[in-house]
Amino acid sequence: MNLAVLLAAAAAAAVPAHRAQPYLTAQTSAFGALIEGAGVDSLGRLYAVHYNASTAAVGRVFPAQELFYADRARPAAWFNGVRFGGGAALLADVRGHRVARVRDMGAFSHAETRCHDAAMLQPNDLALAHSTGRLFLSGMNYTRDSAVGSGDLWTCDARGVATRLGLFHRTNGIELSFDERTLYLSEAENKGGAVVANRILAFDVDAATGAVSNRRTFADFGALDGSAASDVDGMRADERGFLYVARWGRGRVAVLTPAGALHAYILLSTISEVTSVELAGPAGRDLFAVGACSADPARGCVERWPAPARGRAFARLQGQ
């Protein structure tokens, strides 16, 4: 282990750690191993994919488990991301290279294509600019040796026109800042079958046109805490500008300051491979983390922690 890694690990040891509490366990969960895409609606209700272990189904997690939407017209759909806005649910469909929009609120029996492009790698996750209705999408092609082109970044305007913004190493988590002026995108690198780098990029973004500029490294987990080999998965911002980052394989959520410094860890007792996070609940201040249950990897678990501020998505859905 080199000196830089040792110093990063030592610095990480001084970071405050909080412990989340199990909310759905292997014994109580109706979700399968591929639970991901945690998303919140305007009432603070939480949703995730892989309900009843179906890739074409989205379920409600909080306040009670129930089926939210199943794509019976496209049973091969693979939903991986969920966002709400504009009176609709927006679902990232990995296999369909599209974002589905579910608009008939209440019944949720019909979906239409919000945007689509066969050249998209997936999409894997999505972020919504509530002020303009513009979407930003990430995707990846997981290979033994990654290269620029193993990940991509797209935007879709309110008319559904999709535009590719760039190619990267593997891209996964994606989020906007509360003021919608900064776009965050995770990027990971593989070499010889091993994961060797994990960072979060930041861009200046125009939420109206979708244009991105001023690419920079916001956080490099090799330097922050020596965890370059653990993937960044889903991430969500709060109204203060803090970023909550799922660290797949580490059983924790990293909390970053608006400057990209490590602020805290949220430790998980039932999930090692945490895939997604969201701030939901009645006041939008409960951090939920989801992932396969460590005790039974065929089931999806959820943990909950009381956060100090509302999530970006929840606050924006209140018109703020």
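- When each of Phe203, Phe242, Phe218 is tested with Tyr184 by the rule ring-ring contact (aromatic ring centres under 6.0 Å, His included), just one qualifies, namely Phe218.
- Counting heavy atoms from C-beta on, the side chains of Arg98 and Cys156 never come closer than 4.5 Å.
- Salt-bridge formation is detected for the pair Arg83/Glu175: a Lys NZ or Arg NE/NH1/NH2 atom is positioned less than 4.0 Å from an Asp or Glu carboxylate oxygen.
- The shortest side-chain heavy-atom distance between Arg74 and Arg95 does not fall under the 4.5 Å cut-off.
- A donor-acceptor contact closer than 3.5 angstrom links the side chains of Arg134 and Thr155.
- Side-chain atoms of Ser54 and Asn52 form no donor-acceptor pair, as typed in the model, at a separation below 3.5 Å.
- Looking at every heavy atom in both residues, Thr132 comes nearest to Ala158 through O-CB, 4.1 Å.
- In terms of the side chain to side chain contact (heavy atoms under 4.5 Å, CB included) criterion, residue partners of Thr209 (sequence neighbours excluded) are, by chain and number, Asp206, Ala211.
- For Arg240, the salt bridge (Lys or Arg N to Asp or Glu O under 4.0 Å) partners two or more places apart in sequence, or in a different chain, are Asp238.
- Side chains of Ser150 and His169: a donor-acceptor N/O pair is absent below 3.5 angstrom, by distance only.
- Counting only N and O atoms by type, the side chains of Asn190 and Arg144 include no donor and acceptor under 3.5 Å apart.
- At least one side-chain heavy atom of His116 sits under 4.5 Å from a side-chain heavy atom of His97.
- In this structure the side chain of Leu137 never reaches within 4.5 angstrom of the side chain of Arg164, judged on heavy atoms.
- Applying the side chain to side chain contact (heavy atoms under 4.5 Å, CB included) criterion to Arg304, with sequence neighbours excluded, gives Tyr23, Phe62, Asp286, Phe288.
- Taking the side chain to side chain donor-acceptor pair (under 3.5 Å) definition, one finds that Asp152 meets it with Trp154, sequence neighbours left out.
- Counting heavy-atom neighbours within 6.0 Å of Arg216 CZ, excluding the residue itself, gives a total above 12.
- For Leu317, the side chain to side chain contact (heavy atoms under 4.5 Å, CB included) partners at least two apart in sequence or on another chain are Ser42, Phe84, His130.
- Residues Ser227 and Ser230 bring no donor and acceptor atom of their side chains to less than 3.5 Å of each other.
- Among residues two or more places apart in sequence or in another chain, the salt bridge (Lys or Arg N to Asp or Glu O under 4.0 Å) test is passed with Asp233 by none.
- Listed by chain and residue number, Asp41, Tyr47 satisfy the side chain to side chain donor-acceptor pair (under 3.5 Å) test with Arg45 (two or more places apart in sequence, or in another chain).
- Between Thr270 and Cys293, every side-chain heavy-atom pair lies at or beyond the 4.5 Å cut-off.
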Which pairs would a plain distance check flag for residues 253-260, meaning a side-chain donor or acceptor within less than 3.5 Å of a matching protein atom at least two apart in sequence or in another chain?
unit_1: Thr257; atom_1: OG1; unit_2: Ala259; atom_2: N; d: 3.2
unit_1: Thr257; atom_1: OG1; unit_2: Gly260; atom_2: N; d: 3.4
unit_1: Thr257; atom_1: OG1; unit_2: Ala261; atom_2: N; d: 3.1

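- In this structure Arg199 satisfies the salt bridge (Lys or Arg N to Asp or Glu O under 4.0 Å) test together with Glu187, Glu189, sequence neighbours excluded.
- With respect to His18, the ring-ring contact (aromatic ring centres under 6.0 Å, His included) criterion is satisfied by exactly one of Tyr265, Trp305, Tyr244: Trp305.
- Partners of Arg310 according to the side chain to side chain donor-acceptor pair (under 3.5 Å) rule, which considers only residues two or more places apart in sequence or in another chain, are Glu239, Gln320.
- Annotation: the span from Asp157 atom CG to Leu135 atom CG amounts to 9.5 Å, rounded to 0.5 Å.
- Residues meeting the side chain to side chain donor-acceptor pair (under 3.5 Å) test with Gln122, sequence neighbours left out: none.
- Applying the salt bridge (Lys or Arg N to Asp or Glu O under 4.0 Å) criterion to Asp220, with sequence neighbours excluded, gives no partner residue.
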